[in-house]
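Each residue takes its place number in the sequence, starting with 1.
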Amino acid sequence: ADAPDQTAPVQLASAAPDRWTYLQRPDLGRQLNTDSQQHLQALTLPERRYDLALVVVDGLSALAIARHASPLIRALRLRLEAEDWSLAPTTIVTQGRVASGDAVGQLLNTKAVVVLVGERPGLSAPDSMGLYLTWEPRIGLTDAARNCISNVRPEGLSYTEAAYRLHMLLMEARR
C-alpha cells in the first residue's frame with residue numbers, strides 16, 4: 001500500500017454528534033466515532049510506526065484553531081525537518097477534546113502525539129490555543145500523562161517560542 005498523503009489533513013470526528021452533546025458529555029468528545037476509527041485503521045500499515053502525530057482539535061475555541069494552528073505547525077515543522085522525525089498524516093477532529101489524540105496516536109501507531117486544541121475562552125483571550133504532548137499515546141490515559149503548553153497566540157506565547165518549547169519536550173521524551 002502507498003503511504004498516506006502527508007499534505008492532506010485527515011478529517012475525523014469525535015463520538016459527540018453535535019455541540020450540545022459535546023458540552024454535556026465530555027466523555028464522548030474524548031473518543032473518536034466509529035467511522036473515524038475505521039478510517040484511521042485503513043490508513044495504518046501494521047509494519048509502520050510514526051514518531052509523531054499532530055492532531056488539531058476544535059475544543060472549546062474553534063477560533064483559536066482557525067487563527068493559530070497553521071502558523072504553529074509551520075514553526076514546529078521547521079524545527080523537525082532537519083531531524084529524522086517521521087510524521088503521521090495530520091488529523092483534524094471536530095467536537096473533540098484533548099484525549100481524542102490518544103485514540104489517533106494509538107490507531108496510527110505513533111510514539112508521540114501533540115494535540116493542538118482551542119482552550120476555554122477567558123475574559124481577555126477568546127482565541128488561546130493549548131498544546132498537549134503525550135508520549136506512547138493510548139486510549140485511557142489521564143492528563144497526568146501529558147505535558148501542556150498554554151496560551152499560544154501572538155498576544156501570549158509566540159508560535160516560534162511555543163514551537164521551540166514543544167520541540168525541546170519532544171527531544172527529551174524521545175531521548
Side-chain angles (χ1 to χ4, degrees), residues 4 6-12 14 22 26 29-30 32 40 49-138 141-175:
Q6 292 292 321
T7 60
V10 177
Q11 300 283 333
L12 304 172
S14 78
Y22 169 84
R30 295 180 189 110
L32 296 178
L40 287 180
R49 180 132 202 231
Y50 293 104
D51 292 318
L52 178 62
L54 299 175
V55 180
V56 179
V57 177
D58 53 1
L60 292 169
S61 176
L63 178 63
I65 292 305
R67 288 182 177 170
H68 310 306
S70 290
L72 183 278
I73 289 172
R74 279 193 297 276
L76 180 61
R77 285 188 178 204
L78 286 174
R79 294 191 164 279
L80 296 176
E81 69 185 11
E83 300 167 6
D84 62 344
W85 287 84
S86 62
L87 295 178
T90 300
T91 57
I92 299 172
V93 181
T94 57
Q95 307 294 3
R97 295 188 182 267
V98 172
S100 63
D102 295 340
V104 172
Q106 181 175 321
L107 290 167
L108 288 178
N109 195 25
T110 66
K111 293 178 185 172
V113 66
V114 172
V115 175
L116 292 74
V117 62
E119 295 178 319
R120 179 187 49 167
L123 295 176
S124 64
D127 67 338
S128 183
M129 183 174 69
L131 311 174
Y132 289 82
L133 165 62
T134 307
W135 189 258
E136 296 294 341
R138 62 190 179 284
L141 292 177
T142 65
D143 286 340
R146 306 180 213 296
N147 284 296
C148 176
I149 299 171
S150 293
N151 198 28
V152 178
R153 59 194 188 98
E155 300 82 7
L157 188 64
S158 73
Y159 308 131
T160 303
E161 182 63 24
Y164 169 78
R165 290 181 187 188
L166 182 55
H167 180 249
M168 293 303 294
L169 287 171
L170 284 165
M171 293 299 293
E172 287 301 308
R174 188 184 214 189
R175 190 169 60 84

- prompt: Do L131 and C148 come within less than 4.5 Å of each other through their side chains, counting heavy atoms only?
  reply: no

- prompt: Mind checking whether M129 and L72 have side chains closer than 4.5 Å, heavy atoms only?
  reply: yes

Donor-acceptor contact present, side-chain D127 to main-chain R153, <3.5 Å: no

message: Rounded at 0.5 Å granularity, tell me how far CG in L170 sits from CZ in R79.
response: 11.5 Å

field: ring pair (Phe, Tyr, Trp, His ring centres under 6.0 Å) involving Y159 - partner list, sequence neighbours excluded
entry: H68

query: So do V104 and D102 actually touch side chain to side chain, heavy atoms under 4.5 Å?
result: no

query: Which one of V117, V114, I92 satisfies the side chain to side chain contact (heavy atoms under 4.5 Å, CB included) criterion with V56?
result: I92

- request: Would you confirm whether Y22, through its side chain, and G96, through its main-chain N or O, come within 3.5 Å as a donor-acceptor pair?
  value: yes

- line: All heavy atoms of S61 vs all of P126, minimum pair found to be OG-O, 2.8 Å

message: Side chains of R165 and T160: any donor to acceptor distance under 3.5 Å?
response: no

Separation of Y164 OH from I149 CD1 (nearest 0.5 Å): 11.5 Å

message: Under a 3.5 Å threshold, yes or no: a donor from one side chain and an acceptor from the other, between E172 and H167?
response: no

query: Atom CD1 in I73, atom CG in L87: separation rounded to 0.5 Å?
result: 10.0 Å

message: Main chain of Q95, side chain of S14: is a donor-acceptor contact present, judged purely on distance under 3.5 Å?
response: yes

task: Using a 4.5 Å cut-off on heavy atoms from C-beta on, say whether the side chain of E119 contacts that of S150.
output: yes

query: Take atom CZ in R49; do more than 12 heavy atoms of anything else shown fall under 6.0 Å from it?
result: yes

- request: Please check if the side chain of S158 supplies one atom and the backbone of E161 the other of a donor-acceptor pair under 3.5 Å.
  value: yes

field: Nearest non-hydrogen partners of V98 and V115, listed with the distance
entry: O-CG2, 3.6 Å

task: Report yes if some heavy atom in the side chain of V57 is under 4.5 Å from a heavy atom in the side chain of L116; otherwise report no.
output: no

- prompt: Salt bridge or not for R74 and E81, using N-O below 4.0 Å?
  reply: no

- prompt: Do R174 and W85 have side chains that get closer than 4.5 Å, going by heavy atoms?
  reply: yes

task: Find out whether L76 and L54 are in side-chain contact, i.e. whether some heavy atom of one side chain is under 4.5 Å from a heavy atom of the other.
output: yes

- prompt: Do S100 and R30 have a side chain donor and acceptor closer than 3.5 Å?
  reply: no

query: Can you tell me how far CG of L166 sits from CG of N147, rounded to the nearest 0.5 angstrom?
result: 9.5 Å

- prompt: Does Y132 reach the side chain of V55, with side-chain heavy atoms less than 4.5 Å apart?
  reply: no

- request: Show the numbers, then the answer: is there a side-chain hydrogen bond (donor to acceptor under 3.5 Å, both in side chains) between N151 and S128?
  value: CA-CA 5 Å; N151 198 28; S128 183; 3.3 Å; yes

- prompt: Counting only N and O atoms by type, is there a donor-acceptor contact under 3.5 Å from the side chain of T90 to the main-chain atoms of P9?
  reply: no

message: Looking at D51, is its backbone amide N or carbonyl O close enough to the side chain of S86 to form a donor-acceptor pair, meaning the two atoms are under 3.5 Å apart?
response: yes

message: Using every non-hydrogen atom in the two residues, find where P89 and V10 come nearest and quote the distance to one decimal.
response: CB-CG2, 3.9 Å

- request: Locate the shortest heavy-atom distance separating P137 from G101; write the atom from each residue and the value.
  value: CB-O, 4.5 Å

